[in-house]
There are 2 protein chains.
Amino acid sequence: MTATGATASVGDGRRRGKVTVATIARLAGVSAPTVSRVINGQAGVALSTRRRVEAVLHEHGYQRGDAAAQAPLIELVFHALDSLWALEIIQGVEEVARDQKLGVVLTTMQGRLTPGAGWTEQVLSRRPMGVIAVLSDLTTHQQAQLATGSIPLVTLDPTGEPLHDTPSVGAANYSGALVATRHLLELGHRRIGMLCGNLKWPFCRARLDGFRAAMDQAGVPVDPDLVRVGPLYVEGAARETAALLRLPEPPTALFATNDLQAHGVYEAAREAGLRIPDDLSVVGFDDLPFTRWAGPPMTTVRQPLKRMGTTAAAMLVAIASGQAPRERRVELTTDLIVRQSTARPRTR
Amino acid sequence: MTATGATASVGDGRRRGKVTVATIARLAGVSAPTVSRVINGQAGVALSTRRRVEAVLHEHGYQRGDAAAQAPLIELVFHALDSLWALEIIQGVEEVARDQKLGVVLTTMQGRLTPGAGWTEQVLSRRPMGVIAVLSDLTTHQQAQLATGSIPLVTLDPTGEPLHDTPSVGAANYSGALVATRHLLELGHRRIGMLCGNLKWPFCRARLDGFRAAMDQAGVPVDPDLVRVGPLYVEGAARETAALLRLPEPPTALFATNDLQAHGVYEAAREAGLRIPDDLSVVGFDDLPFTRWAGPPMTTVRQPLKRMGTTAAAMLVAIASGQAPRERRVELTTDLIVRQSTARPRTR
DNA sequence: CTGAAAGCGCTTACAG
DNA sequence: CTGAAAGCGCTTACAG
């Protein structure tokens, strides 16, 4: 093995030393059909065999010797497709895809954080130019499978632990939250609550931290009772808000982790007979289109969602064409959009 | 040649063309190596031979056959990706695709009604199982190209003239509009206006016709001044509504062709200092999620958008697997959802 | 789960 | 300039 390994690696400075399925098979001590099955993600290969073959494939930088090695496709994977949020990101990716004459294959994971079992196999058999995972992560094994297929990965608002080597795109969540909270403080609010999302998600964590930083800097203590964690949807946020409003000393302002939650605040306020912004100020996050038409129009932090999509797609195209990504992590700026859901607190 | 030609076409009930170098060679009366040389632009082919081979290649849309004959893909083409409307349809298509282990390739046309020049070529080279066109149409030539590639087409809310043979899916637009208008009539409204979309689109036309039918049946004349045609977005509808409200005898109720327009009505009412439903009743169409959280929650006609997506995808799968579609046109039912944007007209 | 054998589509090397 | 034959790399169908 040392001898053949040496021979193979000597030649591969530039010329992709014609590593064929047969070569890999020989080196891994299996037959060509087995290697073929591993490459195409077909079932029916023992896990240990698959691992061994993958290792050899990866080590020798196997490239399909056929033509048609790569399909002009971008894989776009979404945690869920449940808000305009997703639509704007898709538009961004579509824009780059159109320019580059690439097709976009869209997959939703129905709220799961990791693609299902069959997904990687499908992707490998499609041989796309690359994968963009939005608000979702791949398992280590799935990442390894993509790597063996030489399929690059870019994440957008990754969920779990930041992946060591995976380039990612996001927005300036921390500073957006900071500016939003300062806005409420400047209006004179002191009892400010926050509706958080799941804190294992870095973007949720960053928004909470930005909120806390602004409060600390202003010397206003954060009342732990006013910080609630819940799902990023309208209904749950409405329930949390209702609970907050029943407190002996309810908040005069709330900062929500996204616009959907902020809508839940609207709903709870309406049901409690409170008026926004007179009785309660609210700031959202995202600036989805309908925030402009809410009653009253919502003050929110704008995230350049479409541009996040184009950025991720452009990074992917660059990586796929052999360029090293300029940065591992790109954060696009956020802006506070002041509309009519925030005002000075009612003087008591 | 007649004999071989017949043999080829007889067998292809299920298996599609699979035009290989060998096929082209046979049809052009040359050998496979010669075709190979033409394809790869190699020298050493007589000009006349080259021309002949090129003609056959082009005529049969030759694609490199190394890859599989048909890719497990559904092409989903959208007129535009600008509303939750699109997202729900995508979810439906995704659901069927997931079950069938198909990928979904999403294309947007940026508001154009017909895919651009390069689109058909890309689709042909992807060899998908079929195409779903939403709120958009293909040119006759594009349809012919798909037909040559044996790629079936299903339309969802088709735009131009209903295509002779193209199966399509839609909602019960006429009866939905009828029921919505009756609801307003039953509340006591007589000066009812309607915001229309472009009437060359069958679904817009059907909603206007349903409105008229309900008015006629109730013996209430339609005032032509109260029927406005405009884009299906918030802003335009707000302008139209503002104009209607400035009329000497303004409407007491409006029926909008979609929820986005109805939101425009909300906006115009707010700016005119009118309250919904006290001063003006509004009914939308679609029942997008945010209508529930509007201020006040919107009365609207529910379209089963997700189910429209699954229905279109299921039709496509059936057709692709060789079944004749049970019906050419499927219309799913619509339901009036009464919330709080409609009330009796103010007595004067 | 695995491989020997057959097969596929394309290309190359050679003979005429 | 052209084709029969051999070859290449990968995949499929089958047997164990």
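Chain A is the first sequence line, chain B the second, and so forth, proteins listed ahead of strands; every chain is numbered from 1.
- For the side-chain contact (heavy atoms from CB on, under 4.5 Å) test, residues two or more places apart in sequence or in another chain that qualify with A:Pro231 are A:Tyr233.
- Not counting sequence neighbours, B:Arg51 has no partner by the side chain to side chain donor-acceptor pair (under 3.5 Å) test.
- In this model, the phosphate group of C:dG3 is approached by a side-chain N or O of A:Thr34 to a distance below 4.0 Å at OP1 or OP2.
- Every residue two or more places apart in sequence or in another chain that forms a side-chain contact (heavy atoms from CB on, under 4.5 Å) with B:Gln323 is listed here: B:Ala318, B:Ser321.
- Taking 4.0 angstrom as the limit, A:Gln42 places none of its side-chain polar atoms (N or O) nearer than this to OP1 or OP2 of D:dT11.
- Between D:dT2, C:dC10, D:dG3, one nucleotide has an atom nearer to the side chain of B:Ala46 than all others, and that is D:dT2.
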For residues 128-135 of chain A, dump all side-chain donor-acceptor pairs below 3.5 Å to protein atoms at least two apart in sequence or in another chain.
none

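- Between C:dC1 and A:Thr49, no contact under 4.0 Å exists linking OP1 or OP2 to a side-chain N or O.
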Below 3.5 Å is the cut-off: list the nitrogen or oxygen pairs between protein and nucleotides 13-16 of chain C, distance only.
none

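- By the side chain to side chain donor-acceptor pair (under 3.5 Å) test, A:Gln142 pairs with A:Thr139, sequence neighbours left out.
- Stem regions for DNA chain D, each three or more consecutive Watson-Crick or G-U pairs with both distances under 3.5 Å and listed by first number, read C:1-3 with D:14-16, C:5-12 with D:5-12, C:14-16 with D:1-3.
- Ionic pairing of A:Arg329 and A:Glu331 is present here: one or more N-O contacts between side-chain nitrogen and carboxylate oxygen are shorter than 4.0 angstrom.
- For residues 89-106 of chain B, the set of pairs meeting the salt bridge (Lys or Arg N to Asp or Glu O under 4.0 Å) definition, not counting sequence neighbours, comprises B:Glu95-B:Lys306.
- Every residue two or more places apart in sequence or in another chain that forms a side chain to side chain donor-acceptor pair (under 3.5 Å) with A:Thr34 is listed here: A:Ser31.
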